[in-house]
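So you know, we letter chains A, B, ... as the sequences are listed, proteins then strands, and number each from 1. Just so it is clear, the model here is predicted, and its values are computed rather than measured.
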Number of protein chains: 4
Amino acid sequence: MARAAKSKAAAVTSRRDEIIEVAAQVIAERGIKGATVRDIGQAAGILSGSLYYHFDSKEQIVLELLLPSIEEQYERSLAIRAQAVSPTAALTELIRTSVHETAKHPNQAVILRNEARTFRDVEALAPVAELRAKTVALYVEVVNAGRKSGEFRSDIDVDIVVRAMFDGLLGAARWFTGPRRRKPEQVAAALVDLYVHSLQP
Amino acid sequence: MARAAKSKAAAVTSRRDEIIEVAAQVIAERGIKGATVRDIGQAAGILSGSLYYHFDSKEQIVLELLLPSIEEQYERSLAIRAQAVSPTAALTELIRTSVHETAKHPNQAVILRNEARTFRDVEALAPVAELRAKTVALYVEVVNAGRKSGEFRSDIDVDIVVRAMFDGLLGAARWFTGPRRRKPEQVAAALVDLYVHSLQP
Amino acid sequence: MARAAKSKAAAVTSRRDEIIEVAAQVIAERGIKGATVRDIGQAAGILSGSLYYHFDSKEQIVLELLLPSIEEQYERSLAIRAQAVSPTAALTELIRTSVHETAKHPNQAVILRNEARTFRDVEALAPVAELRAKTVALYVEVVNAGRKSGEFRSDIDVDIVVRAMFDGLLGAARWFTGPRRRKPEQVAAALVDLYVHSLQP
Amino acid sequence: MARAAKSKAAAVTSRRDEIIEVAAQVIAERGIKGATVRDIGQAAGILSGSLYYHFDSKEQIVLELLLPSIEEQYERSLAIRAQAVSPTAALTELIRTSVHETAKHPNQAVILRNEARTFRDVEALAPVAELRAKTVALYVEVVNAGRKSGEFRSDIDVDIVVRAMFDGLLGAARWFTGPRRRKPEQVAAALVDLYVHSLQP
DNA sequence: GATGAATGAGCTTTCATTCAT
DNA sequence: CATGAATGAAAGCTCATTCAT
């Protein structure tokens with residue numbers, strides 16, 4: 001009976017989570033506008049109308065599929081900055097964590113990369129846009145700290161550099177899907193090297 | 001009369017080009033799927049149906065709006081590689097040109113960045129996808145040449161570095177639209193510095 | 001100058017008639033609804049808008065293209081009935097004339113056959129429907145006369161027989177267009193034989 | 001309860017079939033091009049968009065509405081030819097069956113008569129055109145058999161006669177719709193008499 | 001007489017969403 | 001929980017028609 005209860009509880013969350021996982025894949029492939037609720041339903045093995053038993057709207061599915069992973073990422077980033085012994089160590093760890101997170105949730109990363117405009121325009125997805133902005137701001141702060149401490153070059157345009165870095169990180173999902181795969185460590189190492197090296201005097 | 005003839009000649013190409021320019025802006029703002037032909041028509045000051053006097057389909061508008069600028073960019077890239085005195089000079093010039101091109105056609109750049117998936121999936125837009133792939137390949141070749149010549153570090157994953165670089169360049173449109181603008185030279189300099197520096201031993 | 005005037009006069013009617021002839025072909029091929037004014041214009045070598053210099057509407061083109069030939073046919077039918085020495089001779093001549101007329105204007109015949117419904121429904125084309133009805137009535141009268149005179153069998157349902165005959169005649173255009181052509185005399189003979197023979201005791 | 005189950009089972013096929021039946025009527029009245037999906041939806045009591053829950057396209061509706069009845073007719077024709085004791089008997093039965101089938105599905109017959117061109121031109125409707133051609137061919141074979149056996153006159157142009165016959169049969173729907181109705185037996189008898197009589201020496 | 005550009009109504013189709021069963 | 005059927009709004013596109021040049 002403990003077993004039954006457990007599997008029941010598991011199943012309860014599972015159905016929603018299953019749908020979310022499947023939706024992430026479909027939406028990563030076709031975009032938010034391009035992925036229809038029929039597509040999502042079909043991939044989940046139910047009719048599109050049945051999705052509305054689990055979710056209030058398509059937007060809500062998108063939100064629930066993105067929010068946990070970027071919240072987690074943002075909180076980890078906060079922790080990293082708080083605990084890091086130096087800006088260099090902080091940035092290194094931020095990049096590394098970002099890449100590993102992307103490897104774990106490549107579909108979410110793809111959506112995040114491609115639909116920034118949607119997050120700005122669709123009311124319901126504002127939290128996503130907001131967390132993204134906060135994450136970028138955090139990167140900027142770390143780089144600025146490095147400039148002050150002398151670890152990073154001072155003759156750089158921080159905004160431009162950080163945005164370019166961010167764009168590079170957002171594209172990393174490419175290495176964890178489809179053909180030409182890489183190991184997360186490999187990608188993380190390459191990007192840490194690229195960006196940290198470029199900031200050093 | 002020379003003047004009249006001239007303005008007449010200008011008007012001949014003008015209507016189509018006007019529409020294309022306006023469409024680029026609308027589509028950059030809302031995406032290919034998100035921008036309706038009604039939106040485009042309204043921005044151009046005509047009814048959506050009237051667009052079909054000038055173009056066969058929405059897809060054709062997208063194609064005509066993208067193809068010239070990426071063709072130009074690709075051909076310039078070929079010329080740069082052919083004429084550059086060294087891989088370092090070549091890469092520097094590639095980045096600089098890319099940024100300036102982006103500054104000249106920011107809407108096209110935004111679309112190019114956000115809709116890569118669409119180019120792959122929509123038959124009619126295949127030429128765009130193809131040119132993009134060829135441009136990436138050209139960057140890879142230049143970086144590889146630099147590694148062989150010893151100008152660039154040999155301990156890098158070229159694919160990862162070039163893709164990250166490309167992602168950074170594709171995002172540059174952000175600095176030429178909306179608020180927080182930068183001068184093209186400034187952005188070009190920052191990105192040249194970022195990427196070339198990171199490749200040097 | 002007589003020549004010039006003549007060729008001018010000829011040209012004046014010619015343009016309209018040219019268009020009508022070309023329209024007949026296009027409409028026979030694609031139907032009244034299916035043939036667009038663009039199609040017609042293109043076949044005539046002008047833009048669709050230019051058709052409206054010559055005609056008030058698409059409907060008017062259809063009307064002008066059909067009316068002359070069915071008016072002529074109706075009047076000939078009247079004359080035949082008036083002059084014929086017997087119902088058998090009359091029917092024979094009606095069928096023969098109908099086939100030859102069809103051979104001369106196969107496109108009109110095709111339209112007449114396929115769009116009877118349109119003539120009923122479209123106000124402007126009412127004259128066509130009316131003339132058709134009158135022609136059918138004339139056939140009925142001739143057959144009835146033959147029954148009274150004893151030349152034709154009296155044990156037939158005149159309405160049914162005449163309609164079937166008419167359907168057969170309307171389909172004759174098939175032998176004067178496309179592949180598998182026949183000579184008008186051949187078709188006329190075959191149909192005279194078929195229908196007259198079937199009416200004889 | 002048996003009753004409930006039955007009506008349920010009936011309802012299962014019912015919705016699609018209801019729509020098809022209603023579409024047949026609307027399309028017979030206005031033609032394939034002239035009948036809009038809105039017309040069909042309205043006649044079926046739903047919005048046009050809802051039709052697409054049941055069918056993929058308007059073309060599919062047309063196909064499903066025609067195919068069963070002409071398939072049935074073709075197969076019956078095959079059976080008749082196989083079982084008939086003589087060409088005369090075969091032709092008699094072919095005509096009789098055709099008329100009764102037309103009486104049962106007058107809307108389909110009207111469409112079949114008026115839209116032959118459409119079946120040729122619209123890819124999706126090719127099966128209809130094909131079956132029609134095969135049916136005509138079958139009639140030709142039967143008449144040819146009769147000529148060889150001496151039952152039918154040998155001095156006729158078989159193609160012309162059979163086509164005229166076919167045109168007459170296709171028009172028979174007129175007697176089963178609107179005013180001036182006839183009983184199927186009456187029409188069948190009249191047409192059998194007309195065509196068989198005309199073929200006999 | 002003809003063109004080029006546009007209108008406006010209407011077309012087929014798509015899609016997020018709702019709801020009785 | 002899920003289905004089957006529908007809604008209603010909106011999408012891309014077509015087409016007869018108009019009109020200044």
To check you understand the geometry: which heavy-atom pair defines the closest contact between [X] and [Y], and what is its length?
X: Phe55(B); Y: Ile61(B); answer: CG-CG1, 3.5 Å
X: Arg117(A); Y: Asn114(B); answer: NH1-ND2, 3.6 Å
X: Ser57(C); Y: Tyr52(C); answer: CA-CE2, 4.0 Å

How many whole angstroms separate atom [atom1] of [X] from atom [atom2] of [N]?
X: Gln60(B); N: dC13(F); atom1: CD; atom2: P; answer: 10 Å
X: Gln42(C); N: dC15(F); atom1: CD; atom2: P; answer: 12 Å
X: Phe55(B); N: dA5(E); atom1: CZ; atom2: P; answer: 11 Å
X: Ile40(B); N: dA6(E); atom1: CD1; atom2: C1'; answer: 17 Å
X: Ile46(A); N: dA2(F); atom1: CD1; atom2: P; answer: 6 Å
X: Leu51(B); N: dG8(E); atom1: CG; atom2: C1'; answer: 14 Å
X: Ile61(C); N: dC15(F); atom1: CD1; atom2: P; answer: 15 Å
X: Asp17(B); N: dA5(E); atom1: CG; atom2: P; answer: 12 Å

Sort and list the pairs that fulfil salt bridge (charged side-chain N to carboxylate O under 4.0 Å, His left out) and have at least one residue in residues 46-69 of chain D, not counting sequence neighbours. Arg16(D)-Glu64(D)
Within less than 4.0 Å of OP1 or OP2 of [N], is there a side-chain N or O belonging to [X]?
X: Tyr53(D); N: dA5(F); value: yes
X: His54(D); N: dA6(F); value: yes
X: Arg16(C); N: dG1(E); value: no

Can you list the residues that meet the side chain to side chain contact (heavy atoms under 4.5 Å, CB included) rule with [X], with sequence neighbours excluded?
X: Ala116(C); result: Arg120(C), Arg132(C)
X: Val62(D); result: Ile27(D), Ile32(D), Leu66(D), Leu125(D)
X: Ser69(B); result: His105(B), Gln108(B)
X: Leu67(A); result: Leu63(A), Ile70(A), Glu71(A), Pro127(A), Val128(A), Leu131(A)

Apply side-chain hydrogen bond (donor to acceptor under 3.5 Å, both in side chains) to Thr118(D) and list each qualifying residue two or more places apart in sequence or on a separate chain. Glu115(D)
Letter per nucleotide, 5' to 3', of nucleotides 13-21 of chain E [B base touched, S only sugar-phosphate touched, - untouched; heavy atoms, 4.0 Å]: BBSBBB---
May I have the list of side-chain donor-acceptor pairs in residues 37-46 of chain B shorter than 3.5 Å, sequence neighbours left out?
unit_1   : atom_1 : unit_2   : atom_2 : d
Asp39(B) : OD1    : Arg30(B) : NH1    : 3.3
Asp39(B) : OD1    : Thr36(B) : OG1    : 3.4
Asp39(B) : OD2    : Arg30(B) : NH1    : 3.2
Asp39(B) : OD2    : Thr36(B) : N      : 3.1
Asp39(B) : OD2    : Thr36(B) : OG1    : 3.2

Would you say Ser14(C) and Asp17(C) make side-chain contact, with heavy atoms under 4.5 Å? no
Of all of residues 115-127 of chain D, which get a heavy atom below 4.0 angstrom from DNA chain F, listed by number?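 Per residue number, the list is empty: none.
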Ranking dT3(E), dA6(E), dA6(F) by distance to the side chain of Leu47(C), first place goes to dT3(E)
In this structure, which one of Val110(A), Asn107(A), Thr177(A) forms a side-chain contact (heavy atoms from CB on, under 4.5 Å) with Gln25(A)? Asn107(A)
For DNA chain E, the expected dot-bracket line (Watson-Crick or G-U under 3.5 Å, [ ] crossing, | inter-strand) is .||||||||||||||||||||
